[in-house]
Amino acid sequence: MNNEEFSQLKDFIYENTEYAVDLEKTITCVPALAPENGGDGESKKCAVLEEWLMKNGIKNIEHFDAPDDRVSSGVRPNMVATIPGNLDDYSIWVCAHLDVVPVGELSLWNTDPWQAVVKDGKIYGRGVEDNQQGLCSAVLAALSFVKQHIIPEHTIKLLFMADEEVGSKYGMVWLAKNHPELFGKNDRILIPDGGDPIGQTIEIAEKNILWLKFHTIGKQSHGSRPDQGRNAKLAACDLAMAINGFEKKFGRVDSLFEPDHSTFQPTMQNANVSGVNIIPGDDVLCFDCRILPCYSIDEVRKEVRDVVARVENQYGVKIEVSELQCAQSPATSKDAPVARELAQAIKAVHGIDAKFIGIGGGTVAAELRNLGIDAVVWSTMDELCHQPNEYCIIENIAKDASTIAWLAIL
(Lines give C-alpha, C1' and ligand atoms only; values in the text may rest on other atoms or scores of the structure.)
Protein backbone atom coordinates (compact mmCIF):
# COMPACT_ATOMS: atom_id res chain seq x y z
CA MET A 1 0.00 0.00 0.00
CA ASN A 2 1.40 3.38 -1.08
CA ASN A 3 -0.02 5.76 1.52
CA GLU A 4 1.12 8.86 -0.35
CA GLU A 5 -0.57 7.65 -3.52
CA PHE A 6 -3.76 6.80 -1.65
CA SER A 7 -3.83 10.28 -0.09
CA GLN A 8 -3.56 11.73 -3.58
CA LEU A 9 -6.46 9.58 -4.80
CA LYS A 10 -8.60 10.38 -1.76
CA ASP A 11 -7.95 14.12 -2.05
CA PHE A 12 -8.99 14.04 -5.70
CA ILE A 13 -12.21 12.20 -4.82
CA TYR A 14 -13.26 14.63 -2.09
CA GLU A 15 -12.27 17.68 -4.12
CA ASN A 16 -14.13 16.52 -7.24
CA THR A 17 -17.48 15.22 -6.04
CA GLU A 18 -19.03 17.48 -8.70
CA TYR A 19 -18.25 14.68 -11.17
CA ALA A 20 -20.59 12.39 -9.22
CA VAL A 21 -23.24 15.09 -8.92
CA ASP A 22 -23.07 15.79 -12.65
CA LEU A 23 -23.32 12.09 -13.45
CA GLU A 24 -26.32 11.68 -11.13
CA LYS A 25 -28.05 14.58 -12.89
CA THR A 26 -27.15 13.23 -16.32
CA ILE A 27 -28.55 9.74 -15.86
CA THR A 28 -31.49 10.40 -13.51
CA CYS A 29 -33.35 12.25 -16.25
CA VAL A 30 -33.27 9.14 -18.44
CA PRO A 31 -35.75 6.68 -16.86
CA ALA A 32 -34.64 3.06 -17.11
CA LEU A 33 -37.65 0.90 -16.32
CA ALA A 34 -38.05 -2.76 -17.23
CA PRO A 35 -40.91 -3.75 -19.55
CA GLU A 36 -42.56 -5.41 -16.55
CA ASN A 37 -42.75 -1.93 -15.02
CA GLY A 38 -44.06 -0.27 -18.16
CA GLY A 39 -40.68 0.90 -19.44
CA ASP A 40 -38.40 0.51 -22.46
CA GLY A 41 -35.38 -0.95 -20.68
CA GLU A 42 -32.00 0.60 -19.97
CA SER A 43 -30.47 1.24 -23.42
CA LYS A 44 -31.07 5.00 -23.56
CA LYS A 45 -29.64 5.47 -20.07
CA CYS A 46 -26.69 3.22 -20.87
CA ALA A 47 -25.92 5.23 -24.03
CA VAL A 48 -25.93 8.49 -22.05
CA LEU A 49 -23.67 6.93 -19.41
CA GLU A 50 -21.27 5.57 -22.03
CA GLU A 51 -21.01 9.00 -23.68
CA TRP A 52 -20.31 10.60 -20.27
CA LEU A 53 -17.60 8.05 -19.46
CA MET A 54 -15.90 8.48 -22.83
CA LYS A 55 -15.94 12.26 -22.50
CA ASN A 56 -14.27 11.98 -19.10
CA GLY A 57 -11.49 9.64 -20.16
CA ILE A 58 -12.88 6.18 -19.41
CA LYS A 59 -12.74 4.74 -22.92
CA ASN A 60 -12.07 1.00 -22.59
CA ILE A 61 -15.69 -0.12 -22.81
CA GLU A 62 -17.26 -3.41 -23.89
CA HIS A 63 -20.86 -4.60 -24.22
CA PHE A 64 -22.34 -7.97 -23.30
CA ASP A 65 -25.96 -7.18 -24.10
CA ALA A 66 -28.85 -9.60 -23.71
CA PRO A 67 -31.44 -9.82 -26.52
CA ASP A 68 -34.95 -8.73 -25.59
CA ASP A 69 -37.48 -8.03 -28.35
CA ARG A 70 -39.85 -6.34 -25.90
CA VAL A 71 -37.77 -3.14 -25.89
CA SER A 72 -37.17 -0.74 -28.78
CA SER A 73 -33.39 -1.29 -28.86
CA GLY A 74 -33.84 -5.06 -28.97
CA VAL A 75 -31.32 -5.56 -26.17
CA ARG A 76 -30.84 -5.08 -22.45
CA PRO A 77 -27.39 -3.53 -21.96
CA ASN A 78 -24.61 -4.95 -19.81
CA MET A 79 -21.58 -2.71 -20.12
CA VAL A 80 -18.05 -3.17 -18.72
CA ALA A 81 -15.55 -0.32 -18.37
CA THR A 82 -11.93 -1.34 -17.67
CA ILE A 83 -9.09 0.66 -16.11
CA PRO A 84 -5.98 -1.54 -16.58
CA GLY A 85 -3.73 -2.11 -13.57
CA ASN A 86 -0.09 -2.98 -13.04
CA LEU A 87 -0.91 -6.59 -12.13
CA ASP A 88 -3.23 -9.06 -13.79
CA ASP A 89 -3.46 -11.49 -10.87
CA TYR A 90 -7.02 -10.37 -10.16
CA SER A 91 -9.43 -7.54 -10.92
CA ILE A 92 -11.47 -5.29 -8.65
CA TRP A 93 -15.08 -5.39 -9.85
CA VAL A 94 -17.79 -2.94 -8.85
CA CYS A 95 -21.16 -4.13 -10.18
CA ALA A 96 -24.07 -1.66 -10.22
CA HIS A 97 -27.41 -1.92 -11.98
CA LEU A 98 -28.83 0.60 -14.42
CA ASP A 99 -32.54 -0.03 -13.98
CA VAL A 100 -34.74 1.69 -11.41
CA VAL A 101 -38.20 1.10 -9.98
CA PRO A 102 -41.26 3.19 -10.88
CA VAL A 103 -41.95 6.47 -9.10
CA GLY A 104 -45.00 5.19 -7.23
CA GLU A 105 -47.44 7.82 -5.95
CA LEU A 106 -46.21 11.04 -7.55
CA SER A 107 -48.00 13.27 -5.02
CA LEU A 108 -45.69 11.96 -2.27
CA TRP A 109 -42.62 13.44 -3.98
CA ASN A 110 -41.39 16.91 -3.05
CA THR A 111 -39.37 17.19 -6.27
CA ASP A 112 -39.58 15.91 -9.84
CA PRO A 113 -38.35 12.32 -9.42
CA TRP A 114 -36.79 12.35 -12.90
CA GLN A 115 -34.65 15.42 -12.21
CA ALA A 116 -31.81 15.05 -9.70
CA VAL A 117 -32.07 17.89 -7.19
CA VAL A 118 -29.17 18.81 -4.88
CA LYS A 119 -30.07 20.15 -1.45
CA ASP A 120 -28.24 20.17 1.91
CA GLY A 121 -25.56 17.71 0.82
CA LYS A 122 -28.07 15.26 -0.65
CA ILE A 123 -29.22 14.38 -4.15
CA TYR A 124 -32.93 13.65 -4.56
CA GLY A 125 -34.54 11.67 -7.38
CA ARG A 126 -35.64 8.22 -8.45
CA GLY A 127 -32.66 5.91 -8.60
CA VAL A 128 -30.10 8.30 -7.11
CA GLU A 129 -29.41 5.81 -4.32
CA ASP A 130 -30.64 2.57 -5.86
CA ASN A 131 -28.29 1.98 -7.59
CA GLN A 132 -26.77 5.18 -8.95
CA GLN A 133 -24.97 5.97 -5.70
CA GLY A 134 -22.90 2.80 -6.04
CA LEU A 135 -22.50 3.41 -9.76
CA CYS A 136 -21.23 6.95 -9.16
CA SER A 137 -18.90 5.86 -6.36
CA ALA A 138 -17.32 3.35 -8.72
CA VAL A 139 -16.96 5.91 -11.50
CA LEU A 140 -15.52 8.55 -9.16
CA ALA A 141 -12.96 6.03 -7.87
CA ALA A 142 -12.00 5.19 -11.46
CA LEU A 143 -11.70 8.88 -12.34
CA SER A 144 -9.29 9.43 -9.44
CA PHE A 145 -6.87 7.16 -11.30
CA VAL A 146 -7.66 8.19 -14.87
CA LYS A 147 -7.65 11.96 -14.35
CA GLN A 148 -4.36 11.85 -12.44
CA HIS A 149 -2.71 9.29 -14.75
CA ILE A 150 -2.19 6.90 -11.84
CA ILE A 151 -2.17 3.22 -12.78
CA PRO A 152 -4.01 1.11 -10.19
CA GLU A 153 -2.14 -1.85 -8.77
CA HIS A 154 -5.01 -4.12 -9.81
CA THR A 155 -7.26 -3.71 -12.83
CA ILE A 156 -10.56 -2.00 -12.06
CA LYS A 157 -13.66 -3.23 -13.85
CA LEU A 158 -16.97 -1.41 -13.63
CA LEU A 159 -20.03 -3.44 -14.58
CA PHE A 160 -23.27 -1.63 -15.37
CA MET A 161 -26.04 -4.25 -15.43
CA ALA A 162 -29.59 -4.45 -16.69
CA ASP A 163 -32.72 -5.85 -15.12
CA GLU A 164 -31.84 -6.17 -11.41
CA GLU A 165 -35.15 -4.82 -10.16
CA VAL A 166 -37.26 -7.56 -11.73
CA GLY A 167 -35.04 -10.62 -11.43
CA SER A 168 -31.79 -10.05 -13.43
CA LYS A 169 -32.80 -12.45 -16.22
CA TYR A 170 -31.24 -10.03 -18.72
CA GLY A 171 -28.51 -8.86 -16.36
CA MET A 172 -26.36 -10.89 -14.00
CA VAL A 173 -28.25 -14.12 -14.68
CA TRP A 174 -27.57 -13.63 -18.41
CA LEU A 175 -23.90 -12.87 -17.78
CA ALA A 176 -23.40 -15.84 -15.45
CA LYS A 177 -24.93 -18.18 -18.02
CA ASN A 178 -23.51 -16.73 -21.25
CA HIS A 179 -20.30 -14.97 -20.21
CA PRO A 180 -18.95 -16.66 -17.06
CA GLU A 181 -15.43 -16.13 -18.44
CA LEU A 182 -15.73 -12.45 -17.50
CA PHE A 183 -15.14 -13.20 -13.83
CA GLY A 184 -11.95 -14.76 -12.54
CA LYS A 185 -11.95 -17.05 -9.52
CA ASN A 186 -9.60 -14.67 -7.68
CA ASP A 187 -11.39 -11.47 -8.62
CA ARG A 188 -12.64 -9.22 -5.84
CA ILE A 189 -16.28 -8.50 -6.59
CA LEU A 190 -18.16 -5.72 -4.81
CA ILE A 191 -21.87 -5.08 -5.30
CA PRO A 192 -22.80 -1.65 -3.84
CA ASP A 193 -26.53 -2.39 -3.64
CA GLY A 194 -27.15 -2.63 0.09
CA GLY A 195 -25.66 -1.34 3.29
CA ASP A 196 -26.15 0.88 6.30
CA PRO A 197 -25.71 4.57 7.19
CA ILE A 198 -22.12 4.20 8.44
CA GLY A 199 -20.84 1.60 5.98
CA GLN A 200 -20.18 -1.08 8.56
CA THR A 201 -22.05 -4.14 7.33
CA ILE A 202 -20.71 -6.49 4.66
CA GLU A 203 -23.30 -8.93 3.31
CA ILE A 204 -21.71 -12.32 2.69
CA ALA A 205 -24.71 -14.67 2.71
CA GLU A 206 -28.35 -14.82 1.69
CA LYS A 207 -31.18 -17.02 2.78
CA ASN A 208 -32.49 -19.40 0.18
CA ILE A 209 -35.74 -18.13 -1.33
CA LEU A 210 -38.74 -20.27 -2.21
CA TRP A 211 -42.07 -18.71 -3.22
CA LEU A 212 -44.88 -21.25 -3.41
CA LYS A 213 -48.46 -21.08 -4.69
CA PHE A 214 -50.94 -23.67 -3.44
CA HIS A 215 -54.14 -24.14 -5.45
CA THR A 216 -56.55 -26.24 -3.40
CA ILE A 217 -59.45 -27.74 -5.36
CA GLY A 218 -62.41 -29.12 -3.46
CA LYS A 219 -66.16 -29.04 -4.08
CA GLN A 220 -68.44 -26.04 -3.56
CA SER A 221 -71.68 -26.49 -1.61
CA HIS A 222 -74.25 -24.63 0.47
CA GLY A 223 -72.98 -23.32 3.78
CA SER A 224 -75.54 -25.44 5.63
CA ARG A 225 -74.47 -28.64 3.87
CA PRO A 226 -70.70 -29.01 4.26
CA ASP A 227 -71.30 -32.75 4.03
CA GLN A 228 -72.12 -32.29 0.35
CA GLY A 229 -68.92 -30.36 -0.40
CA ARG A 230 -65.20 -30.49 0.20
CA ASN A 231 -64.13 -27.27 1.87
CA ALA A 232 -61.06 -26.01 0.04
CA LYS A 233 -60.57 -23.17 2.53
CA LEU A 234 -60.55 -25.54 5.51
CA ALA A 235 -57.97 -27.75 3.80
CA ALA A 236 -55.91 -24.68 2.86
CA CYS A 237 -55.95 -23.46 6.47
CA ASP A 238 -54.59 -26.79 7.67
CA LEU A 239 -52.00 -26.67 4.90
CA ALA A 240 -50.98 -23.12 5.84
CA MET A 241 -50.50 -23.96 9.51
CA ALA A 242 -48.47 -27.02 8.60
CA ILE A 243 -46.15 -25.10 6.25
CA ASN A 244 -45.77 -22.32 8.80
CA GLY A 245 -44.80 -25.05 11.27
CA PHE A 246 -41.68 -25.64 9.18
CA GLU A 247 -40.16 -22.76 11.17
CA LYS A 248 -39.78 -25.29 14.00
CA LYS A 249 -39.01 -28.28 11.78
CA PHE A 250 -36.17 -26.35 10.12
CA GLY A 251 -35.30 -24.81 13.43
CA ARG A 252 -31.60 -24.03 13.40
CA VAL A 253 -30.53 -20.46 14.10
CA ASP A 254 -27.71 -18.37 12.63
CA SER A 255 -26.79 -15.05 14.24
CA LEU A 256 -25.52 -13.79 10.88
CA PHE A 257 -29.14 -13.15 9.90
CA GLU A 258 -32.07 -11.09 11.16
CA PRO A 259 -34.30 -12.85 11.96
CA ASP A 260 -31.85 -15.59 12.89
CA HIS A 261 -34.04 -18.48 11.71
CA SER A 262 -35.83 -19.73 8.61
CA THR A 263 -39.25 -18.21 7.97
CA PHE A 264 -42.25 -19.78 6.21
CA GLN A 265 -44.95 -17.15 5.96
CA PRO A 266 -48.36 -17.21 4.23
CA THR A 267 -48.76 -14.08 2.12
CA MET A 268 -51.00 -13.45 -0.90
CA GLN A 269 -54.50 -14.91 -0.82
CA ASN A 270 -56.82 -14.95 -3.83
CA ALA A 271 -60.51 -14.27 -3.40
CA ASN A 272 -62.72 -17.35 -3.49
CA VAL A 273 -66.51 -17.31 -2.98
CA SER A 274 -68.63 -14.15 -2.82
CA GLY A 275 -71.13 -15.22 -0.19
CA VAL A 276 -70.94 -16.12 3.50
CA ASN A 277 -73.23 -19.11 2.99
CA ILE A 278 -71.09 -20.81 0.36
CA ILE A 279 -68.58 -23.55 1.12
CA PRO A 280 -65.60 -22.72 -1.13
CA GLY A 281 -64.48 -25.35 -3.59
CA ASP A 282 -61.40 -23.42 -4.61
CA ASP A 283 -58.61 -21.65 -2.73
CA VAL A 284 -55.30 -20.08 -3.80
CA LEU A 285 -52.69 -19.25 -1.17
CA CYS A 286 -49.04 -18.20 -1.49
CA PHE A 287 -46.05 -18.62 0.81
CA ASP A 288 -42.80 -16.68 1.04
CA CYS A 289 -40.14 -19.00 2.45
CA ARG A 290 -36.71 -17.64 3.46
CA ILE A 291 -34.51 -20.58 4.40
CA LEU A 292 -31.14 -20.59 6.15
CA PRO A 293 -28.33 -21.77 3.81
CA CYS A 294 -27.69 -24.80 6.04
CA TYR A 295 -30.87 -26.29 4.57
CA SER A 296 -31.33 -27.09 0.89
CA ILE A 297 -34.47 -26.22 -1.00
CA ASP A 298 -34.83 -29.89 -1.93
CA GLU A 299 -35.20 -30.71 1.78
CA VAL A 300 -38.06 -28.23 1.99
CA ARG A 301 -39.66 -29.53 -1.20
CA LYS A 302 -39.79 -33.05 0.25
CA GLU A 303 -41.53 -31.87 3.41
CA VAL A 304 -43.99 -29.83 1.32
CA ARG A 305 -44.87 -32.92 -0.72
CA ASP A 306 -45.52 -34.90 2.46
CA VAL A 307 -47.81 -32.20 3.90
CA VAL A 308 -49.71 -31.83 0.61
CA ALA A 309 -50.29 -35.60 0.42
CA ARG A 310 -51.55 -35.69 4.00
CA VAL A 311 -53.98 -32.76 3.52
CA GLU A 312 -55.28 -34.11 0.21
CA ASN A 313 -56.03 -37.47 1.83
CA GLN A 314 -57.58 -35.96 4.97
CA TYR A 315 -59.92 -33.50 3.23
CA GLY A 316 -60.56 -35.21 -0.09
CA VAL A 317 -59.14 -32.28 -2.08
CA LYS A 318 -56.57 -31.87 -4.83
CA ILE A 319 -53.67 -29.44 -4.26
CA GLU A 320 -51.63 -28.07 -7.16
CA VAL A 321 -48.25 -26.67 -6.12
CA SER A 322 -46.22 -24.24 -8.23
CA GLU A 323 -42.97 -22.42 -7.55
CA LEU A 324 -43.09 -18.71 -8.32
CA GLN A 325 -39.45 -18.12 -7.41
CA CYS A 326 -36.53 -20.24 -6.28
CA ALA A 327 -32.99 -19.09 -5.48
CA GLN A 328 -30.18 -20.52 -3.43
CA SER A 329 -26.46 -19.96 -3.20
CA PRO A 330 -23.53 -20.73 -0.91
CA ALA A 331 -22.15 -18.04 1.38
CA THR A 332 -18.96 -16.07 0.84
CA SER A 333 -16.56 -16.94 3.65
CA LYS A 334 -15.51 -14.25 6.11
CA ASP A 335 -11.97 -15.35 5.25
CA ALA A 336 -12.39 -14.88 1.51
CA PRO A 337 -9.92 -12.29 0.16
CA VAL A 338 -12.67 -9.91 -0.96
CA ALA A 339 -14.28 -10.02 2.50
CA ARG A 340 -11.03 -9.58 4.40
CA GLU A 341 -9.71 -6.82 2.17
CA LEU A 342 -12.96 -4.88 2.16
CA ALA A 343 -13.01 -5.07 5.98
CA GLN A 344 -9.47 -3.68 6.00
CA ALA A 345 -10.49 -0.91 3.61
CA ILE A 346 -13.47 0.03 5.79
CA LYS A 347 -11.18 0.25 8.80
CA ALA A 348 -8.66 2.35 6.91
CA VAL A 349 -11.12 4.72 5.23
CA HIS A 350 -14.11 4.81 7.55
CA GLY A 351 -12.28 4.18 10.80
CA ILE A 352 -14.71 1.48 11.94
CA ASP A 353 -14.66 -2.29 12.34
CA ALA A 354 -16.69 -4.09 9.70
CA LYS A 355 -19.51 -6.45 10.63
CA PHE A 356 -20.41 -9.46 8.51
CA ILE A 357 -24.11 -10.15 7.99
CA GLY A 358 -26.55 -12.26 6.03
CA ILE A 359 -29.82 -11.03 4.55
CA GLY A 360 -33.20 -12.53 3.82
CA GLY A 361 -33.59 -11.03 0.36
CA GLY A 362 -31.80 -11.89 -2.84
CA THR A 363 -29.05 -9.97 -4.68
CA VAL A 364 -27.04 -10.58 -7.83
CA ALA A 365 -24.23 -11.85 -5.60
CA ALA A 366 -26.05 -15.19 -5.51
CA GLU A 367 -25.43 -15.75 -9.24
CA LEU A 368 -21.70 -15.23 -8.78
CA ARG A 369 -21.52 -17.40 -5.68
CA ASN A 370 -23.19 -20.19 -7.61
CA LEU A 371 -20.30 -19.94 -10.09
CA GLY A 372 -17.88 -20.46 -7.21
CA ILE A 373 -16.86 -16.80 -7.20
CA ASP A 374 -16.81 -14.85 -3.94
CA ALA A 375 -18.82 -11.63 -3.89
CA VAL A 376 -19.86 -9.18 -1.20
CA VAL A 377 -22.60 -6.56 -0.98
CA TRP A 378 -21.66 -3.30 0.69
CA SER A 379 -22.31 0.43 0.61
CA THR A 380 -22.78 3.43 2.89
CA MET A 381 -26.43 4.37 2.51
CA ASP A 382 -29.61 5.29 4.33
CA GLU A 383 -31.58 2.58 2.41
CA LEU A 384 -34.17 4.93 0.86
CA CYS A 385 -34.54 2.73 -2.20
CA HIS A 386 -38.03 2.33 -3.69
CA GLN A 387 -39.40 5.10 -1.42
CA PRO A 388 -40.71 8.52 -2.45
CA ASN A 389 -38.14 11.32 -2.07
CA GLU A 390 -35.31 8.85 -2.52
CA TYR A 391 -31.96 10.47 -1.87
CA CYS A 392 -28.27 9.76 -1.54
CA ILE A 393 -25.69 11.63 0.53
CA ILE A 394 -22.88 13.13 -1.52
CA GLU A 395 -20.31 12.47 1.21
CA ASN A 396 -21.23 8.78 1.12
CA ILE A 397 -20.37 8.67 -2.58
CA ALA A 398 -16.92 10.08 -1.74
CA LYS A 399 -16.40 7.70 1.19
CA ASP A 400 -17.24 4.65 -0.86
CA ALA A 401 -15.20 5.85 -3.84
CA SER A 402 -12.21 6.19 -1.51
CA THR A 403 -12.79 2.66 -0.24
CA ILE A 404 -12.83 1.29 -3.79
CA ALA A 405 -9.63 3.20 -4.58
CA TRP A 406 -7.99 1.71 -1.48
CA LEU A 407 -8.82 -1.80 -2.69
CA ALA A 408 -7.35 -1.09 -6.13
CA ILE A 409 -3.89 -0.13 -4.81
CA LEU A 410 -3.68 -2.75 -2.04
Side-chain angles (χ1 to χ4, degrees), residues 42 46 49-50 53 58 60-67 75-99 131 134-135 137-139 141-142 145 152-164 167-194 202-206 293 327-343 345 362-379 400 403-410:
E42 308 85 357
C46 189
L49 171 61
E50 184 171 2
L53 294 173
I58 299 175
N60 188 343
I61 293 175
E62 300 173 279
H63 277 264
F64 302 89
D65 300 342
V75 298
R76 307 293 291 280
N78 296 292
M79 184 170 70
V80 177
T82 301
I83 296 85
N86 286 316
L87 302 174
D88 59 4
D89 50 351
Y90 62 84
S91 296
I92 307 293
W93 286 84
V94 186
C95 308
H97 62 84
L98 293 163
D99 59 322
N131 192 210
L135 183 156
S137 292
V139 170
F145 290 94
E153 195 68 6
H154 304 281
T155 294
I156 299 171
K157 287 185 173 287
L158 311 182
L159 170 59
F160 309 100
M161 304 171 290
D163 196 36
E164 190 275 342
S168 293
K169 178 181 177 182
Y170 300 91
M172 187 60 86
V173 172
W174 162 265
L175 293 172
K177 181 178 180 181
N178 295 278
H179 297 284
E181 74 285 350
L182 281 175
F183 309 102
K185 295 291 185 181
N186 295 320
D187 287 353
R188 278 55 162 167
I189 301 183
L190 169 62
I191 298 158
D193 198 18
I202 302 173
E203 184 262 281
I204 58 171
E206 300 171 11
Q328 62 181 352
S329 68
T332 293
S333 169
K334 296 177 184 179
D335 295 321
V338 66
R340 287 190 289 102
E341 291 166 14
L342 178 56
T363 73
V364 297
E367 299 302 323
L368 294 163
R369 291 169 183 154
N370 281 328
L371 290 176
I373 298 171
D374 290 319
V376 294
V377 180
W378 171 84
S379 190
D400 291 2
T403 308
I404 295 164
W406 194 95
L407 289 170
I409 63 170
L410 182 64

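Residue numbers run from 1 in the order of the sequence given. Not measured: the values here are computed from a predicted model.
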*Verdict with supporting geometry, Phe160 and Val139, side chain to side chain contact (heavy atoms under 4.5 Å, CB included)*: CA-CA 11 Å; Phe160 309 100; Val139 170; 4.1 Å; yes

*asked:* Please determine whether side chain to side chain contact (heavy atoms under 4.5 Å, CB included) holds for the pair Met161 and Leu98, giving the CA-CA distance in whole Å, both sets of side-chain angles, and the decisive distance to 0.1 Å.
replied: CA-CA 6 Å; Met161 304 171 290; Leu98 293 163; over 6 Å; no

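- When the options Asp65, Leu158, Leu53, Leu159 are evaluated for a side chain to side chain contact (heavy atoms under 4.5 Å, CB included) with Met79, the one that passes is Leu53.
- Asp99 places a side-chain N or O within 3.5 Å of a backbone atom of Glu164 that can act as its donor or acceptor partner.
- Within the 4.5 Å cutoff, side-chain heavy atoms of Pro192 are placed close to those of Val94.
- Thr363 and Glu206 are linked by a side-chain donor-acceptor pair at a separation below 3.5 angstrom, with hydrogens and angles left out of the test.
- The minimum heavy-atom distance between Gly194 and Val377, with the atom names listed, is N-CG1, 3.7 Å.
- To the nearest 0.5 angstrom, Thr155 atom OG1 is 9.0 Å from Asp187 atom CG.
- Counting only distance, with no hydrogens or angles, the side chain of Arg340 and the backbone of Asp335 share a donor-acceptor pair below 3.5 Å.
- Within the 4.5 Å cutoff, the side chain of Trp93 has no heavy atoms near those of the Ile156 side chain.
- Ser333 and Ala339 make their closest contact through O-CB, 3.6 Å (heavy atoms, listed as atom of the first residue, atom of the second, distance).
- For the atom pair Leu410 CG and Tyr90 OH, the distance stands at 5.5 Å (nearest 0.5 Å).
- Listed by chain and number, the residues in a side chain to side chain donor-acceptor pair (under 3.5 Å) with Asn131 are Asp193 (sequence neighbours excluded).
- In this structure, the side chain to side chain donor-acceptor pair (under 3.5 Å) partners of Arg369, at least two apart in sequence or on a different chain, are Glu203, Thr332.
- Between the side chains of Glu42 and His97, no donor N or O sits under 3.5 Å from an acceptor N or O.
- Side-chain contact check for Pro152 versus Ile83: some heavy-atom pair is nearer than 4.5 Å.
- Between Phe145 and Ile58, the closest side-chain pair of non-hydrogen atoms is not below 4.5 Å.
- A donor and an acceptor atom, one from each side chain of Ser91 and Lys157, are nowhere located under 3.5 Å apart.
- The two residues His154 and Ile92 make their nearest non-hydrogen contact at CB-CG1, 4.1 Å.
- Note: Leu175 CG to Asn78 CG = 4.5 Å, rounded to the nearest 0.5 Å.
- Atoms CD and CH2, from Glu367 and Trp174 in turn, are 14.0 Å apart once rounded to the nearest 0.5 Å.
- No side-chain heavy atom of Ile189 sits under 4.5 Å from any side-chain heavy atom of Val338.
- Residues Leu368 and Ile191 meet the side-chain proximity criterion, which asks for heavy atoms closer than 4.5 Å.
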_Pair Ser329, Asn370 - check side chain to side chain donor-acceptor pair (under 3.5 Å), show working._
CA-CA 5 Å; Ser329 68; Asn370 281 328; 4.9 Å; no

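- Rounded to the nearest 0.5 angstrom, Met172 CE and His179 NE2 are separated by 12.5 Å.
- Every residue two or more places apart in sequence or in another chain that forms a salt bridge (Lys or Arg N to Asp or Glu O under 4.0 Å) with Asp163 is listed here: Arg76.
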*asked:* Let's go through Phe64 and Asn178 carefully: what are the C-alpha distance in whole Å and the side-chain angles of both, what is the deciding distance for side chain to side chain contact (heavy atoms under 4.5 Å, CB included) to 0.1 Å, and is it a yes or a no?
replied: CA-CA 9 Å; Phe64 302 89; Asn178 295 278; over 6 Å; no

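- Here CG of Leu190 is found 6.0 Å from CG of Leu342. Values are rounded to the nearest 0.5 Å.
- The shortest heavy-atom contact between Gly167 and Val173 is O-CG2, 3.9 Å.
- Without hydrogens or angle criteria, Thr82 side chain to Pro84 main chain gives no donor-acceptor distance under 3.5 Å.
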